[in-house]
2 protein chains.
Amino acid sequence: MNYQEAKDSFINTWGSLGTLWGINKAMAQIHALLFISPEPLSMEDIMEELHISRGNTSMNLRQLIDWGIVYKTSVAGERKEFFKSEKDVQELARTVARERSRREIQPTLKVLKDVCSIEDDGSVKTKELIKKTKELYELASTADAILNRIASQESNWVTKTLMKLVK
Amino acid sequence: MNYQEAKDSFINTWGSLGTLWGINKAMAQIHALLFISPEPLSMEDIMEELHISRGNTSMNLRQLIDWGIVYKTSVAGERKEFFKSEKDVQELARTVARERSRREIQPTLKVLKDVCSIEDDGSVKTKELIKKTKELYELASTADAILNRIASQESNWVTKTLMKLVK
DNA sequence: TTTAACTTTCAATAATTTTTGAAAGTTTAG
DNA sequence: CTAAACTTTCAAAAATTATTGAAAGTTAAA
């Protein structure tokens with residue numbers, strides 16, 4: 001496997017993985033490209049490398065910036081804008097943890113809390129609904145606590161702590 | 001909020017959450033419905049409750065069974081098949097952990113391993129590709145180890161261990 | 001200013017994913 | 001066996017999501 005093959009393979013894999021954690025393919029591919037690029041890239045560069053349109057590139061870059069894992073940057077003597085990604089994998093993991101907690105788990109917790117707090121009318125089905133959503137609430141709370149812990153720690157806490165668990 | 005509202009709210013929320021971890025809405029909704037139902041349900045029951053077609057119900061039930069979180073069951077004196085979900089949240093978490101590792105992380109690890117093993121031709125961009133994919137490989141390996149640990153433990157290990165972490 | 005370089009927006013289009021429903025398949029009672 | 005009850009399959013249709021590209025918007029050099 002040469003450089004170009006390896007690069008394409010990485011960008012593709014990262015692209016399809018993205019859809020699984022809720023960001024779309026183009027967005028994940030742009031991130032992948034920037035992540036392995038030693039230099040910041042312009043919009044033209046990205047469009048050309050990934051064969052996607054200007055509009056698509058612009059919109060997805062914006063989302064990556066919203067997520068906080070891509071930054072705008074300027075290059076001396078150049079009029080146009082350049083983009084670079086967060087290069088620290090630990091920081092990347094922390095950002096993802098933070099955003100997933102905020103976007104997914106917390107709204108779910110809110111609903112689960114409301115649902116498991118309905119009045120118990122004594123029927124079997126109501127009891128079951130309350131019981132099961134309460135259990136899910138506990139589980140989701142634990143998951144959320146972990147994500148927030150990960151999100152708030154210094155750079156290598158994740159690996160160190162998780163490694164202890166794995167032993 | 002009465003029983004019906006709470007139930008709909010739960011099914012909807014669980015349905016949209018599903019799309020985020022890679023299973024589709026109908027599949028997640030069927031799971032939600034079975035999860036809070038005190039009795040096994042027939043295909044008719046599910047179709048009627050969720051307003052989805054017979055074909056859709058059949059296909060999604062099959063997938064849930066493949067995932068290992070829904071079981072076929074029979075009801076005395078009834079010809080047709082009934083379905084019930086795994087009721088233990090810990091077991092549910094373990095199944096999800098196992099399946100996510102198998103379906104997503106392990107294939108990714110394989111690609112990352114290949115990519116970061118390309119020959120270093122000395123160029124800056126090759127060095128960067130190798131370095132960054134190696135870092136991602138470590139991170140993903142750690143995540144995978146955790147998931148497998150979760151997937152292989154007895155019922156309440158997850159909560160207990162995670163709780164230690166959170167303290 | 002003005003104008004060229006560049007970016008964003010968004011309606012239209014394309015691609016993908018989900019859903020349907022009816023035909024084919026399977027199972028079991030009689 | 002046959003027929004009725006039930007389930008699965010899958011091509012077509014619908015719904016959803018992603019992408020394009022050109023017009024509108026912005027910025028900064030001159």
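Per chain, numbering begins at 1; letters A, B, ... match sequence-line order. Everything numeric in this text was worked out from a predicted model, so none of it was measured.
Separating the CG atom of A/Asp66 from the C1' atom of C/dT8 is a distance of 14 Å, rounded to the nearest angstrom. The distance from atom CD of A/Glu78 to atom C1' of D/dT27 is 16 Å, rounded to the nearest whole Å. The CD1-P distance, from A/Ile65 to C/dT7, rounds to 11 Å in whole Å. The distance from atom CG of B/Asn60 to atom P of D/dT7 is 15 Å, rounded to the nearest whole Å. Atom pair A/Ile46:CD1 and D/dT19:P shows a separation of 14 Å (rounding to whole Å applied). Here C/dA5 presents its P atom at 16 Å from CE of A/Met47, a figure rounded to the nearest Å. The interatomic distance linking A/Glu44 (CD) with C/dT7 (C1') rounds to 11 Å, in whole Å.
Each of A/Leu50, A/Ile52, A/Ile30 was evaluated against A/Asn60; a single residue qualifies, A/Ile30, per the side chain to side chain contact (heavy atoms under 4.5 Å, CB included) test.
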Evaluate the criterion side-chain contact (heavy atoms from CB on, under 4.5 Å) for residue pair A/Leu34 and A/Glu86; output intermediate values, then yes/no.
CA-CA 9 Å; A/Leu34 291 172; A/Glu86 172 58 53; over 6 Å; no
Step by step, work out the side chain to side chain donor-acceptor pair (under 3.5 Å) result for B/Asp45 and B/Ser42.
CA-CA 5 Å; B/Asp45 296 334; B/Ser42 70; 3.1 Å; yes
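In the set C/dT9, C/dA5, C/dT19, C/dT9 carries the atom at the smallest distance from any side-chain atom of A/Arg62. When the nucleotides C/dT9, C/dT27, D/dT9 are ranked by their closest atom to the side chain of B/Met59, D/dT9 comes out on top. Among the nucleotides D/dT8, C/dG21, D/dT20, the one closest to any side-chain atom of B/Ser53 is C/dG21. Here the side chain of A/Lys80 is nearest to one of D/dA5, C/dT7, D/dT8, namely C/dT7.
At the phosphate of D/dA18, neither OP1 nor OP2 sits under 4.0 Å from any side-chain N or O atom of A/Asn56. The side chain of A/Arg54 contributes no N or O atom lying less than 4.0 Å from OP1 or OP2 of D/dT19.
Placement of B/Val70 and B/Met43 within a single hydrophobic cluster is found when ILVMFWY residues are connected by side-chain heavy-atom separations under 4.5 Å, directly or transitively.
Using a 3.5 Å distance cut-off with no hydrogens or angles, the side chains of B/Ser101 and B/Gln106 do pair a donor with an acceptor.
The residue among B/Arg79 and B/Ile52 whose nearest nucleotide of DNA chain C is located toward the 5' end is B/Ile52.
Among the heavy atoms of the strands lying under 4.0 Å from A/Asn24 are primed sugar atoms or P, OP1, OP2 only; no base atom is included.
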